[in-house]
Structure formats: structure tokens, C-alpha cells
Amino acid sequence: MAIVKMSKFTLLAFDSQKEILLENLQKFQGVQFINLQEKITEELEFLKGAGDHKKASEIDEELVKVKFSLEFMNRFIEREKGFKAIKKGKKNLKYDEVKELSSKINWLVTYENLKKYDVRLNELKNEISRLEGEIEILRPWIKLDASFDDLKSIHSSNYFLGTINKNVADEFLENFNNHISVSYIEKLGVVKDEINLLIIYHKMFAEQSEDLFKQYGLSKVDLKYSGTPRDIIKDYEKRIENYKKEELHIVDKIKEYKDKIEELEIVYEYYKMEENKARVGENFLKTDKVLLFEGWTPEEKKIEFEDIIKQCCGNEYSIEFMKPSPEDNVPILLKNNSIVEPYEIITSIYSLPQYNEVDPTPLLAPFFFIFFGMMLSDAGYGAIMFIASALALRLLPLDESVQKFMRLFESIGISTVIWGMIYGSYFGDAPKLFFPGGIKPLWLDPAANPISVLLLAGIMGIIHLYVGLGIKAYELIRSGKVMDALFDVGFWYLTLTGIMLLLTGPSSGFSSLAVVGKYMAIIGAIGLVATQGRSNKGIVGKIAGGLFGLYGITGYLGDVLSYSRLLALGLATGLIGSSFNLMISLLGKGIFAWIFGIIIFLGGHIFNLAINALGAYVHACRLQYLEFFGKFYSGGGKQFTPFKAKNKYINIIK
């Protein structure tokens with residue numbers, strides 16, 4: 001179980017069969033098309049693109065209407081959120097059911113009504129904004145008890161409405177009253193540093209008055225209204241109140257369309273299917289009557305694929321299946337058993353393998369399982385992860401990608417429980433709060449025996465690195481490069497193993513192992529110096545390359561030291577959890593101790609679980625991506641993306 005074998009196909013069919021063929025292939029969900037537009041050459045200039053741009057444009061117009069309707073209703077109709085929405089999940093419908101139901105839904109009437117409501121709401125909003133702006137203009141003049149019409153009707157006098165800076169207001173008023181004998185001035189209020197004034201003066205003093213206005217910097221306000229400011233404001237406020245009532249009435253009308261949401265979602269999915277079919281034609285080439293398809297399908301689905309073509313085209317087609325060539329960019333589809341499959345998430349985050357590579361997922365899965373559990377290492381936390389993931393999988397209608405993620409956390413939750421029991425960690429040392437001594441570790445106590453745990457981490461790291469090198473050797477041998485496997489892997493095995501025997505032999509009581517290790521290390525080192533520069537030119541270049549290759553042993557030392565994080569994070573989890581438990585024990589006894597103790601226990605351990613689960617996940621991934629993948633993995637594969645219906649609101653099933 002690894003990378004699914006792919007078959008490349010070339011299909012010729014009549015253009016008249018295009019619609020039924022695409023519809024059935026969309027339901028099939030087992031082919032990925034190759035874009036042939038780039039392959040048009042002078043020899044193939046009689047071929048042209050098969051995209052139906054006109055139809056795609058028409059579908060887009062309909063989609064815009066459906067999307068508007070859904071988004072517009074979502075602004076006013078409260079939908080189920082949070083756990084309720086997750087629990088409800090998406091509705092499952094078959095491809096043909098979506099097509100049939102959408103044909104029976106008169107959604108255009110809904111759209112047209114909603115569009116009218118939208119237009120009217122925008123009109124009301126604009127009018128309310130305009131009136132509120134007018135009120136803000138009028139409010140500083142609300143003390144004016146004369147109507148604007150009365151002011152305009154005065155024949156013998158002029159009037160001035162405006163503002164003056166309050167620093168010069170007294171001087172202006174004194175000067176104005178002294179020089180303009182037939183006049184009337186009223187202060188109507190103060191706005192910041194400006195005083196609002198109403199000035200009425202006889203026309204015979206017009207020139208003198210205007211000169212004084214200019215001299216003291218009065219600013220005239222042109223208010224083109226009828227009635228008094230107070231009456232106008234009241235009228236505008238009344239109109240605003242009525243407009244807002246109309247808004248609420250329209251919103252109530254919109255809410256009556258709540259039962260139309262599901263219908264519109266079905267219509268949306270239908271048009272997305274149709275759009276997908278119209279757009280996918282851009283990958284094909286055609287003559288006036290014949291279509292040319294190229295693409296990929298899993299080998300295991302070849303028979304089913306050809307049966308679908310026969311059902312659609314009868315015998316009026318031609319298909320050829322080919323094995324991928326080295327030049328082909330083959331799409332990648334991973335297939336693993338139910339235990340390994342969740343760990344495909346870890347591989348895909350980094351990069352999918354290339355078609356000629358080994359799928360690293362089955363090989364990284366046991367290491368990730370062990371490393372995560374060793375770093376989080378608390379049986380209580382692991383039990384929470386396992387139970388929460390298991391309940392989510394069994395009670396909630398989750399999307400496929402979320403299901404895979406929950407299964408991953410269910411799996412590593414088990415690992416965390418196991419390592420928590422090995423280390424004797426149950427919400428830190430929480431059992432000590434209830435009985436002396438707590439629960440003893442099954443094997444190791446990281447706080448009491450950190451060196452033993454560090455040694456265990458180092459051994460696991462060495463095994464991890466050796467497996468990575470072994471995969472590299474397998475890939476080289478599989479591609480016929482047996483000597484490269486010996487040079488690039490065999491000599492490293494010999495050198496590294498020899499050094500380990502040389503260092504551990506005397507302390508283990510087997511001095512003969514140290515002697516064997518010494519010769520192994522010497523032979524391996526000589527082999528590395530002799531072969532690591534083999535691609536360089538000249539004897540000096542080859543020796544220099546070989547010495548530089550041998551220097552890579554420091555990289556292996558750094559890699560092994562990287563696994564010390566297995567100890568560090570495990571210690572951090574246990575010690576932080578125990579710190580919260582210590583805080584609880586210091587509270588003493590009594591009702592308040594129980595209340596605050598429960599709060600500290602829940603809050604502290606939820607925080608510790610969240611932060612250390614994230615840390616364990618990140619660092620377990622790091623050990624895979626840098627230390628493990630760095631030994632053999634290139635990646636860069638492109639995921640197999642079959643031609644199928646998209647699922648935004650509804651799960652469309654076969």
C-alpha cells in the first residue's frame with residue numbers, strides 16, 4: 001500500500017457525446033485531465049480548444065445571482081452556529097438528485113424578490129444617511145425660531161447667518177452696533193471656537209455691514225430650507241423613524257425566505273457542477289466533430305472507466321492506455337491501510353512524493369506515533385485526546401479531511417496514554433492530591449532519571465536515521481544503482497556503527513566490541529573519503545570531495561542531538577502539570593480551596609494540554625521533515641485532483 005499506480009489515457013470521441021460523457025465522468029470521480037492547449041503545434045493547427053466559453057459565461061451569470069441570494073439572506077437570517085452546525089453537518093445528495101431537484105426549484109422568483117428588497121434597503125440606507133447629515137447641519141441653528149422662508153421674505157433688510165471666531169466676537173458686536181444703527185443680532189449657540197449668529201440689517205447699511213463681516217472674518221452659512229430648524233429636524237427625524245420601520249418590515253419579509261436557503265444551496269451546487277463541466281473543456285482539443293482527451297486514471301479503475309465510456313459512446317470512441325514515461329508529471333494518489341492513512345496528513349504538509357519515490361507515510365507513522373506520545377507523555381491528556389477524537393468521529397458528520405485529522409489525534413492519543421503510563425504521569429502528579437505516593441511509573445521517571453530518558457531518545461533517533469538511510473539504499477538499488485547504495489549508505493552504516501561500538505564497548509564490558517568498532521569506523525571512513533567525491537573532476541577534487549563528505553559526520557551528530565527534544569518536551573509537560581497541582585495543594589482545605597482548586601486544575605491542565613500538544617505535534621513533524629526526510633526524500637509530487645463536483649454546501653455522493 002503506497003503510491004497508487006496511474007495509467008495515462010488518450011481518448012477520441014464525437015463532440016456530440018461531450019455532455020453525457022463529462023456528466024458521467026464527473027460522477028465517476030476517477031479521472032484527471034491534462035491540459036492539451038499547450039500541445040498545439042504547427043502540425044496540429046487544425047485542432048482547436050474545446051472550451052465552451054459562452055456557456056461558462058452564462059453559468060457564471062446564474063451563479064452570481066444564486067451567490068447573491070445566499071449571501072444576502074445570510075446577512076439577516078440567523079443560521080445554526082458552533083456545535084449545532086457541526087452536529088448537523090452537510091446534507092448528502094446523489095449527483096442525479098442534485099440535478100433533478102434543481103430543475104424543480106423556481107429560484108429566480110426568490111432572487112428577483114430578494115434583489116428588490118436589496119435595492120429598497122440601499123435606498124432607505126442612503127436616504128437615512130442623507131437626512132442624518134442634514135440634521136447635523138441644522139442642529140447648531142436649532143435656537144433659530146424664525147423660519148427660513150420668513151427671513152427670505154424681508155424686503156427692507158438683509159439677513160446674515162454665519163459664524164465668527166469667539167476671540168473677536170465681542171469686539172465685532174461692539175463695532176457693529178456702533179456703526180449699524182438699524183440692525184438686530186442674536187447669538188444662536190457656540191460650536192467649538194465658533195459662535196453662530198443671526199444678523200438682520202437695513203439695506204442702506206449693506207455695504208458697511210459686509211465690510212465689517214470681511215474685516216472680522218465671518219463665515220456665511222447657506223441653508224436652503226423651508227421652515228424653522230427645529231421643525232425641519234423633527235420632520236427629518238420622523239421620516240428616519242418611518243424609514244427604519246420600513247427596514248425592519250423588509251427584514252421580516254426576508255426572514256420568511258429562510259426555507260429557501262436549502263433550495264438555493266442545491267441550485268448553487270448544480271451550477272457549480274455545470275460550470276466545472278464547461279471549464280474543463282478548456283483542457284481538450286477538437287476538430288469540427290471529434291474531441292481529443294488526455295488524462296490520468298488509477299490503474300485499478302481502468303475497467304470501470306472504460307465501461308462508463310462504452311455506456312456513453314457505444315462503440316463510437318477510441319481509447320489507448322499507456323504507462324507513465326519518465327518525462328510525465330504523474331499526479332500522486334496515496335493509498336494506505338486504515339492505521340497508516342491518517343498519517344498521510346504529515347506527509348502532505350511537507351510535500352507529496354514523486355511518482356518514482358517511496359511513499360514515506362507507512363515508515364514515518366510508527367515514529368511519529370512514538371515521538372508525539374513521548375513528548376506529550378501524560379496519560380490523562382492522552383485519554384482526553386482519544387475520547388474527544390473518538391466522540392467527534394462517531395457523533396459528528398465531519399468532512400473527509402477533518403475525519404482523517406481526528407483519526408490521527410485518536411491514534412497519537414493512544415500513544416500519549418502509553419507513554420504517560422510508562423512515565424507515571426496522570427495530569428502531572430495529580431494522583432498525589434488524593435493519596436500518598438501517587439501512581440508509580442511503569443518504567444521510567446523523566447524527572448528522576450533524565451539521563452536514561454535521554455539515552456532512550458538517542459537510541460530512537462539512531463534507529464530513525466538508520467531507517468531513513470535504509471530507504472535511500474532501497475531507492476538506489478531499485479533504480480539499478482547498487483554501487484551508489486554501497487557508497488552513500490553502506491559506508492555510512494559502517495562508519496556510524498563502528499563509532500558507536502568504539503564508544504560504548506568499554507563501558508559495556510565488551511572491550512572486543514570496541515576493537516571491532518574501531519576497524520569498522522576506519523574502513524567506513526576510508527570508503528567515504530574514496531567515494532564521496534567521485535563525481536568531481538581530477539584526483540584532488542575527488543579527495544577534497546571525499547574529505548568534505550566525511551565531514552558530514554558532524555551533521556549526523558547534530559541529528560542525534562536533535563532527538564533530545566523527546567526528553568525536553570516530556571519533562572516540560574510533566575513539570576508544568578505538577579506545578580499546577582502544587583498550587584492546588586497549597587490552597588489547603590475548605591470550600592474555597594475546592595472551588596479555586598477545580599478552577600486551577602481545569603484551567604491549568606487545559607492550557608498545558610493545548611500548548612504542549614501543539615509543541616509535540618510541531619517537533620514530531622520537525623524530526624520527520626529534517627532528520628528523517630533529509631536522508632532520502634525529495635518530494636514535490638502534485639496531488640491527483642479528479643474531475644468531480646465541488647462540495648460547498650452539500651456532500652455530493654455517487
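Just so it is clear, the model here is predicted, and its values are computed rather than measured.
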Applying salt bridge (Lys or Arg N to Asp or Glu O under 4.0 Å), run through Glu275 and Lys646 and close with a yes or a no.
CA-CA 10 Å; Glu275 181 194 40; Lys646 304 293 174 64; over 6 Å; no
Passes side-chain contact (heavy atoms from CB on, under 4.5 Å), Ile349 versus Tyr625? Steps please.
CA-CA 10 Å; Ile349 289 174; Tyr625 298 156; 3.4 Å; yes
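- Taken to the nearest 0.5 Å, the CZ atom of Arg279 stands 4.5 Å off from the CG atom of Asp60.
- With no hydrogens or angles considered, no side-chain donor-acceptor pair links Asn612 and Tyr381 at under 3.5 Å.
- Side-chain contact check for Leu21 versus Leu11: some heavy-atom pair is nearer than 4.5 Å.
- Atom NZ of residue Lys323 and atom NZ of residue Lys8 lie 15.0 Å apart, to the nearest 0.5 angstrom.
- Counted by atom type alone, Tyr257 and Ser69 present zero donor-acceptor pairs between their side chains at under 3.5 Å.
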Check the pair Ser325, Asp328 against side chain to side chain donor-acceptor pair (under 3.5 Å), reporting the backbone distance first and the verdict last.
CA-CA 5 Å; Ser325 67; Asp328 284 324; 3.0 Å; yes
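- Contact of the Ile250 side chain with the Phe76 side chain is not registered, since no non-hydrogen atoms from C-beta on lie closer than 4.5 Å.
- The shortest side-chain heavy-atom distance between Ser102 and Glu269 does not fall under the 4.5 Å cut-off.
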Using side-chain contact (heavy atoms from CB on, under 4.5 Å), reason through Asp399 and Asn651 one step at a time and then give a plain yes or no.
CA-CA 9 Å; Asp399 289 341; Asn651 286 323; 4.2 Å; yes
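- Taking CD of Glu344 as the start and CG of Asn336 as the end, the distance is 4.5 Å to the nearest 0.5 Å.
- The pair Glu274-Lys277 meets the salt-bridge criterion, since a charged nitrogen lies less than 4.0 angstrom from a carboxylate oxygen.
- In this structure, Lys5 satisfies the cation-pi test against Tyr355, with its NZ or CZ atom closer than 6.0 Å to the six-membered ring centre and inside 45 degrees of the ring normal.
- A donor-acceptor pair under 3.5 Å is absent between the side-chain atoms of Gln32 and the main chain of Trp296, judged by distance alone.
- Figure legend: Lys631 and Tyr556 shown as a cation-pi pair, the cationic atom lying under 6.0 angstrom from the six-membered ring centre and within 45 degrees of its axis.
- The backbone N or O of Ser411 sits nowhere less than 3.5 Å from a side-chain atom of Ser415 that would complete a donor-acceptor pair.
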Taking it one step at a time, do Leu396 and Val402 satisfy side-chain contact (heavy atoms from CB on, under 4.5 Å)?
CA-CA 10 Å; Leu396 302 178; Val402 181; over 6 Å; no
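- Taken from CD1 in Ile652 to CG in Asn647, the straight-line distance is 5.0 Å, to the nearest 0.5 Å.
- The backbone N or O of Gly636 sits less than 3.5 Å from a side-chain atom of Ser351, completing a donor-acceptor pair.
- At distances below 3.5 Å, not a single donor-acceptor pair connects side-chain atoms of Ser389 with backbone N or O atoms of Leu408.
- For the pair Phe632 and Tyr474, the minimum side-chain heavy-atom distance is 4.5 Å or more.
- Using a cutoff of 4.0 Å between basic side-chain nitrogens and carboxylate oxygens, Glu475 and Lys472 are not scored as salt-bridged.
- Interatomic distance, Lys94 NZ to Ile650 CD1, rounded to the nearest 0.5 Å: 15.0 Å.
- Enclosure of atom CD1 in Ile339 is not indicated, since only 12 or fewer non-hydrogen atoms of other residues, nucleotides or ligands lie within 6.0 angstrom.
- The backbone N or O of Tyr466 sits less than 3.5 Å from a side-chain atom of Tyr493, completing a donor-acceptor pair.
- Using a cut-off of 4.0 Å between Lys/Arg side-chain N and Asp/Glu carboxylate O, Arg120 and Glu123 are scored as salt-bridged.
- Inter-residue side-chain proximity for Arg478 and Val358 is flagged as met; some heavy-atom pair is nearer than 4.5 Å.
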Given Cys312 and Glu23, is the side-chain contact (heavy atoms from CB on, under 4.5 Å) satisfied, shown in steps?
CA-CA 10 Å; Cys312 299; Glu23 183 173 315; over 6 Å; no
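- Between Phe305 and Phe28, the two ring planes are parallel [angle under 30°; tilted spans 30° to 60°].
- In this structure, Phe491 and Phe487 have parallel ring planes: the angle between them is below the 30° cut-off, well short of the 60° mark.
- Between the side chain of Asn122 and the backbone N or O of Asp118, at least one donor-acceptor pair lies under 3.5 Å.
- Residues Lys104 and Glu100 are paired through a salt bridge, judged by an N-O separation under 4.0 Å between the basic side chain and the carboxylate.
- Side chain to side chain, Asp559 and Ser562 fail the donor-acceptor criterion of an N or O pair below 3.5 Å.
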Given the rule in the salt bridge (Lys or Arg N to Asp or Glu O under 4.0 Å) test, do Glu62 and Lys65 qualify, once you have shown the distances and angles that lead to the verdict?
CA-CA 5 Å; Glu62 301 301 284; Lys65 295 176 184 177; 3.5 Å; yes
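- Using bins of under 30°, 30° to 60° and over 60° for the plane-to-plane angle, the ring pair Trp107/Tyr271 lands in the perpendicular bin.
- With hydrogens and angles disregarded, no donor-acceptor distance shorter than 3.5 Å links the side chain of Gln354 to the backbone of Ser634.
- Judged by distance alone, the side chains of Asp359 and Thr361 do bring a donor and an acceptor atom under 3.5 Å apart.
- Interatomic distance, SG of Cys621 versus CZ of Phe372, reported as 9.5 Å (0.5 Å rounding).
- Between the side chain of Glu357 and the backbone N or O of Gly635 there is at least one donor-acceptor pair closer than 3.5 Å.
- Between Glu265 and Lys91 there is no salt bridge, since none of the side-chain N atoms of the basic residue sits less than 4.0 Å from a carboxylate O of the acidic one.
- In this structure, Tyr563 has its ring center closer than 6.0 angstrom to the ring center of Phe371.
- Using a 30° and 60° split on the angle between ring planes, Tyr617 and Phe368 fall in the perpendicular class, above 60°.
- Under a cutoff of 6.0 Å and an axis angle of 45°, Lys302 and Phe321 form a cation-pi pair.
- No more than 12 heavy atoms of other residues, nucleotides or ligands lie within 6.0 Å of CD1 in Ile303, so this atom counts as exposed by the packing criterion.
- Leu12 approaches Leu292 most closely through the heavy-atom pair CD2-CD1, 3.6 Å.
- Ala473 and Ala485 get closest at one heavy-atom pair: O-CB, 3.9 Å.
- Contact detail for Leu22 and Phe643: the closest heavy-atom pair is O-CE2, 3.3 Å.
- One finds a salt bridge joining Glu19 and Lys55 here, because a Lys/Arg side-chain nitrogen approaches an Asp/Glu carboxylate oxygen to under 4.0 Å.
- For the residue pair Glu306/Tyr317, the side-chain donor-acceptor check at 3.5 Å is satisfied.
- Of all heavy-atom pairs spanning Met375 and Ala616, the tightest one is CE-O, 3.5 Å.
- Salt bridge Asp488/Lys481: absent, no basic N to carboxylate O contact under 4.0 Å.
- For the pair Leu291/Lys286, a side-chain contact is recorded, criterion being any heavy-atom separation below 4.5 Å from C-beta on.
- If you check the side chains of Gln624 and Tyr350, you find no donor sitting under 3.5 Å from an acceptor.
- With no hydrogens or angles considered, no side-chain donor-acceptor pair links Gln311 and Asn24 at under 3.5 Å.
- The aromatic rings of Phe72 and Phe68 lie parallel to each other, with less than 30° between the two planes, well short of the 60° mark.
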